Amino acid sequence: MATEKRPTMLRLPEEMYEKVRYLAYIERRSMNMQIEHALSLYITDYESRNGPIPLPEASEEK
């Protein structure tokens, strides 16, 4: 299954991991999708207060 999502490695404190795992369970998401959802909410909130986050041009990324 092809995806355009970039793989990452994330280290979390044990307590935070267990809380995210719990939220993922009650919201019927995978851990990965729960973390993606939380980050999406954080970015949306940040941008609503501060404006859009500028992204690098495609040629500058590599």
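In this chain, numbering begins with 1 at the start of the sequence shown. Since the model is a prediction, treat every value here as computed from it, not as a measurement.
- Qualifying side-chain hydrogen bond (donor to acceptor under 3.5 Å, both in side chains) partners for Arg21, counting only residues two or more places apart in sequence or in other chains: Glu18.
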Which side-chain N or O atoms in residues 9-17 pair as donor and acceptor under 3.5 Å with protein atoms at least two apart or in another chain?
| from | atom 1 | to | atom 2 | distance (Å) |
| --- | --- | --- | --- | --- |
| Glu15 | OE2 | Lys19 | NZ | 3.0 |

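- In the hydrophobic clustering, where aliphatic and aromatic side chains (Ile, Leu, Val, Met, Phe, Trp, Tyr) are joined below 4.5 Å either directly or transitively, Leu23 groups with Tyr22, Tyr25, Ile26.
- Under the salt bridge (Lys or Arg N to Asp or Glu O under 4.0 Å) criterion, Arg28 pairs with no residue at all, not counting sequence neighbours.
- Applying the side chain to side chain contact (heavy atoms under 4.5 Å, CB included) criterion to Asp45, with sequence neighbours excluded, gives Ser48, Arg49.
- Contact record, Ser30 with Ala24: O-CB, 3.9 Å, taken as the closest heavy-atom pair.
- Tyr46 and Leu39 are assigned to two separate hydrophobic clusters, defined by single-linkage of ILVMFWY side chains at heavy-atom distances under 4.5 Å.
- Within the structure, salt bridge (Lys or Arg N to Asp or Glu O under 4.0 Å) contacts touching residues 29-43 (residues at least two apart or in different chains) are Lys5-Glu36, Glu27-Arg29.
- When the side chain to side chain contact (heavy atoms under 4.5 Å, CB included) test is applied to Thr8, no partner is found at least two apart in sequence or on another chain.
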